[in-house]
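Every heavy atom of this structure was used, including side-chain atoms; hydrogens, water molecules and symmetry mates were not. Below, chains carry the letters A, B, ... as their sequence lines are ordered, and counting in each starts from 1. Bear in mind that the values here come from a model prediction, so they are computed numbers and not experimental data.
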Amino acid sequence: MSQAQDARYQPQAIEQKWQTAWEQAEVFTARRDPAKPKYYVLEMFPYPSGRIHMGHVRNYTMGDVVARYKAAQGFSVLHPMGWDAFGMPAENAAMEQGGHPKDWTYGNIAVMRDQMKPLGLSIDWSREFATCDPEYYGQQQAMFIDMLHAGLVYRKNAVVNWDPVDMTVLANEQVIDGKGWRSGADVERRELTQWFFKISDYSAELLEALDGLKDWPEKVRLMQRNWIGQSRGLQFAFGAVNAPEGFDRIEVYTTRPDTLMGASFVGISPDHPLAKHLERHNPDVAAFVADCRKIGTTEEALEKAEKKGFDTGIRVRHPFDDAWELPVYIANFILMDYGTGAIFGCPAHDQRDLDFANKYGLPHPDVFFALDNDTPVDATAFVPPKTEKVRYVRGFAGEEVQTGADAVEAAIAFCEANGVGHGVTQYRLRDWGLSRQRYWGCPIPVVHCDACGVVPEKKENLPIALPDDVSFDQPGNPLDRHPTWRDCVCPSCGAPAKRETDTMDTFVDSSWYYARFTSPRADTPTDKAETDYWMNVDQYIGGIEHAILHLLYSRFFARAMVKTGHLPDSAKEPFNALFTQGMVTHEIYMTLDDKGRKIYHLPEDIEDGKLKATGEAVTIIPSAKMSKSKKNVVDPVNIINAFGADTARWFMLSDSPPERDVEWTSAGAEATYKHLGRVWTLCDKIAAMGVDQPSDADTDLLRAMHHAIDAVTKAVENFAFNKAIAELYAFTNTLSKSQASGTAQVTAMKTLAQLMAPMVPHLAEDIWERLGGEGLVAQAPWPKADPAMLVADTVTLPIQINGKRRSEITVAADASKEEVEKLALADDAVVKALAGNPPRKLIVVPGRIVNVVV
RNA sequence: GCGGGCGUGGCGGAAUGGUAGACGCAAGCGACUUAAAAUCGCUCGAGCCUUGCUCGUGCGGGUUCAAGUCCCGCCGCCCGCACCA
């Protein structure tokens, strides 16, 4: 090719060329190589919604930087990709547009795979799978059966959102202001028998093991810790005065037994057995409980709802005083799932209890006061930290002045000694309900037999595949109304039986895909040789929105897989390191129509704050997460077509720290494209210089090069890709201005290509080739910084006078503290400020700063 | 409501308790050009009595020789809340 043709950066040609070269050389095929250390990089796999978006580009580019960097460091890298393919949107599409969820899903996967491949990601596509492949969910069913036998799965009643018009179960997001999203009908809470994983058996372990996850963000560990919610408290029973038969004791759980003398009422959940009993016999209770059940099933809805109670008329005796009677209320904010579903209220020291007491005219006796204040509680409860010492005026155990924590322990000890209940450790974490009354999910492989009850399927009958001949022209689960699919024989007695029609929560699918990637075609869920080599995931990357549910479920599921022999014990914490990346945002463009309704416009239709088509000015709303409804989306495909994948990748990594949100701007994308073009041109210039005689400027350039190697390496290791890119800019500027010899410049440029390769792999390959690099840069070892080239001879120290910068001195890098002090005191500004007096204090931080206090 | 996080120039951001604003964008000025684009060079937190000084990291306090960084109290925005993925 001639120089003239080469003179412009043409990403489209370059990118196609190198993607083909990588594919032919099978560079990214993961190989189990006992001679090499392994490295498993995984990004949270995408839901096949139909098109990739910039969030995907950012997520996968970050993973790709790590994968390529680790490969250059000599690791055998596993970097797979798959599809989280079950879920509601496919069924919604089938209902809205006709067609079949399967066709919609696989169609989307094909489109998205085609959109993803031009990004040049170092993915081993031979391992690709979708969770809706029967080969995948069949293995999931096999594990479900193993877990059932291992006592990790059970059935119990649980509440769902029921749409009485559509006669179907709704997801929380389908309930809008208490109404069904399609029917608009008031949603009811309804109890169904459902399948559960016994994650609560692992509450303590999942909590304790968080301490070992050193390479997880502290915030995620804290969120999980709070979610699991370990608490120490007292469980005891109030004896009822006038309760219906069978309810003469009401068990309550409290984390504040020290406030027992401040009790003013007992509250029970609307789902408490006593409430249910009363509901059947008392129309007023029934009306109240029915009202409570209109509140959604989410904790958020419950907490935000107005706190209401109903006086049952039942009275209980205080455990310390037979004459002291407390009223029993049914209260809408008490959860049946937590503790015993019943509490006692101590209004003086709990704001919610106080609001409740004030609303219903109940007393609120103070139990303790602050040491310096004894104002009785009125409208604001006194809730100091448990670690703070307070003075007990209605205490019954321990010291008069003690911390809340000490008082709780003393109260538990006192109660146990006096036969009033016992200390217990509770967890907020509830068992994982996995039943979904939907078609597009993994069928739960059990059979209902009149004689044998609920029986797991035989493994040789797996996969229990979804039937294809279903329709979505009516609401509800098509499996329920399929003419033949449910019919089967009982695996136990051989009599005719019916299949379970519930399918699994899609969180089950995503709780083990990382393990399946190690042997995606195995005819067992996992293959021991492969999991032994590849597990754990060394670096997991995804959104912070998954901080709790997905990551906690995966941690549990890995343990369940260990227990059932599908993972080695060493894999019970499957993700060694976690990184949570921020979102991609964009400003929003809006106009109003003649009726004042908001109309949103795509960024590509806007120029200089005006609509391209009509010239109408648009209102610019500050950046928000890219969403279809606000139309503030930029299609990666358009960016790749216009600027190339390397520009999209580089821009997604530059500027913003990876854990924070990044705003996509067209100016930023264009600037990136220009920069990559400059690098490309610089390479041309340097290639033309060739090998020549050394120059005086060589050392400076090579020092800058080693500094860049060191800085970029550290930045990539620390996930500070924006800083790595800032260093690459700085080094590029140095190189482009350098007067060094051609020999040195070629060395520097080749190193630049290597350092850029994880971010912009296509451009890097092209530079590498033009400068005569051996093989592919994708397979070249990572450059090493020479420590001798990193140390400077002299260092400039700022001099502060009373903490404000006033001057600076340049000293030898190895100057002693005494020498620095001497030089600092001789500095003009210091001499002037001291005016002949000795300094009151002289602080020298070697290599950093000097502070003179006058 | 509860749990978690974030907040620094016109913008994205940098800064082991140690020179606030690295690096980039935008803008301005200049060079080149018939011209524009591209490219290259310079300037770029605010104010002032401009060799320098004062103020400045959401707001109000505090600790320290020294605070964007640590502590206390607020405000705003974002994520999660168990059937969205």
*Provide the distance between the two C1' atoms, one in B/C25 and one in B/G9, to the nearest whole Å.*
13 Å
_Just to be sure I understand the rule, does A/Asn733 reach a base, reach only the sugar-phosphate, or reach nothing, if contact means heavy atoms closer than 4.0 Å?_
sugar-phosphate
_Base, sugar-phosphate or nothing for A/Leu429? Non-hydrogen atoms, less than 4.0 Å._
base
*Answer with base, sugar-phosphate or nothing: what part of the nucleic acid does A/Lys304 contact at a heavy-atom distance below 4.0 Å?*
base
*asked:* Whether A/Arg660 contacts B/G7 is assessed here as follows: a side-chain N or O lying under 4.0 Å from the phosphate OP1 or OP2. Is that the case?
replied: yes
*Could you check how far OH of A/Tyr553 sits from P of B/C84, rounded to whole Å?*
10 Å
*Check whether any side-chain N or O of A/Lys674 sits under 4.0 Å from OP1 or OP2 of B/A38, and answer yes or no.*
yes
*If you measure from the Lys or Arg side-chain nitrogens to the Asp or Glu carboxylate oxygens, is any gap between A/Lys714 and A/Glu717 under 4.0 Å?*
no
*Would you mind classifying the nucleic acid contact of A/Val160 as base, sugar-phosphate or nothing, using non-hydrogen atoms under 4.0 angstrom?*
base
*Base-paired stems in RNA chain B, each at least three Watson-Crick or G-U pairs under 3.5 Å*: B:1-7 with B:75-81, B:10-12 with B:23-25, B:27-31 with B:39-43, B:45-48 with B:52-55, B:58-62 with B:70-74
*Across the strands shown, which category fits A/Val850 at heavy-atom distances under 4.0 angstrom: base, sugar-phosphate, nothing?*
nothing
_Can you identify which nucleotide, out of B/C84, B/U19, B/C53, has its nearest atom closest to the A/Ile849 side chain?_
B/U19
